[in-house]
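Quick note: residue numbers are just sequence positions, from 1.
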Amino acid sequence: RSESKMETVNFIRLKTGDDIISYMFHCSKEQVVLRDPMLIVMRPDYKSGNQIVGMDSWLPFQIMNSNEVSINLSDILFISKASAEFEEFYENTVDGLRKKEEEKLEEETKLTPDEMMMILDAVENKEGVMH
């Protein structure tokens with residue numbers, strides 16, 4: 001498969017109406033691969049009367065092997081390069097989500113002091129099988 005090595009941050013409007021921002025590189029004439037796709041969410045700001053632009057995870061990345069997906073070009077209405085400001089906002093959001101996931105994983109795998117003592121005791125005393 002011939003892939004472009006350069007990833008770009010693009011705005012993608014799908015035929016479903018979803019607006020996505022993502023790192024993107026072409027895989028073939030029929031598909032593109034999106035990495036770290038985020039759904040663009042527009043909400044009204046009732047105080048100012050303007051629209052607030054935000055992002056939310058588009059894929060359930062917690063249950064996926066990677067945060068990468070192939071999309072058929074036939075499912076896309078159009079693709080546009082993201083503005084520099086929105087690209088920076090997107091990259092900061094993706095980096096923040098990654099850090100939160102890494103911290104969460106670290107916390108889940110940390111041993112409590114009691115667990116560490118049990119392991120040390122078992123190793124020193126060469127007792128039984130540990131699970």
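Annotation for N67 and P37: closest pair O-CD, 3.7 Å, computed over non-hydrogen atoms.
Partners of D95 by side-chain hydrogen bond (donor to acceptor under 3.5 Å, both in side chains), not counting sequence neighbours: none found. Partners of Y46 by ring-ring contact (aromatic ring centres under 6.0 Å, His included), not counting sequence neighbours: none found. In terms of the side-chain hydrogen bond (donor to acceptor under 3.5 Å, both in side chains) criterion, residue partners of D45 (sequence neighbours excluded) are, by chain and number, S48. Every residue two or more places apart in sequence or in another chain that forms a side-chain contact (heavy atoms from CB on, under 4.5 Å) with Q51 is listed here: M42, P44. With sequence neighbours left out, the side-chain contact (heavy atoms from CB on, under 4.5 Å) criterion links Y23 to E7, V9, R35, D36, Y90, E91. Contacts of D75 classified as side-chain hydrogen bond (donor to acceptor under 3.5 Å, both in side chains), with partners at least two apart in sequence or in another chain: none.
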For residues 76-85, run the donor-acceptor check on the side chains, cut-off 3.5 Å, and write out each pair with its distance to 0.1 Å, sequence neighbours left out.
residue : atom : partner : partner atom : Å
K81     : NZ   : E87     : OE1          : 3.0
S83     : OG   : F86     : N            : 3.2

Worked verdict on S74 versus N72 for side-chain hydrogen bond (donor to acceptor under 3.5 Å, both in side chains) = CA-CA 5 Å; S74 62; N72 291 329; 4.7 Å; no
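Hydrophobic clustering keeps M38 apart from I52 (ILVMFWY residues linked when any side-chain heavy atoms are closer than 4.5 Å, directly or through intermediates).
The list of salt bridge (charged side-chain N to carboxylate O under 4.0 Å, His left out) pairs with a residue in residues 46-58, not counting sequence neighbours, is empty. A salt bridge (charged side-chain N to carboxylate O under 4.0 Å, His left out) check over residues 14-33, counting only residues at least two apart or in different chains, returns the pairs R13-D19.
Between F89 and I21, every side-chain heavy-atom pair lies at or beyond the 4.5 Å cut-off. At a threshold of 4.5 Å between non-hydrogen side-chain atoms, the residues L39 and I20 count as touching. Counting heavy atoms from C-beta outward, I12 and V32 have side chains that stay 4.5 Å or more apart.
Atom CD in E68 sits 9.0 Å away from atom OG in S22 (nearest 0.5 Å).
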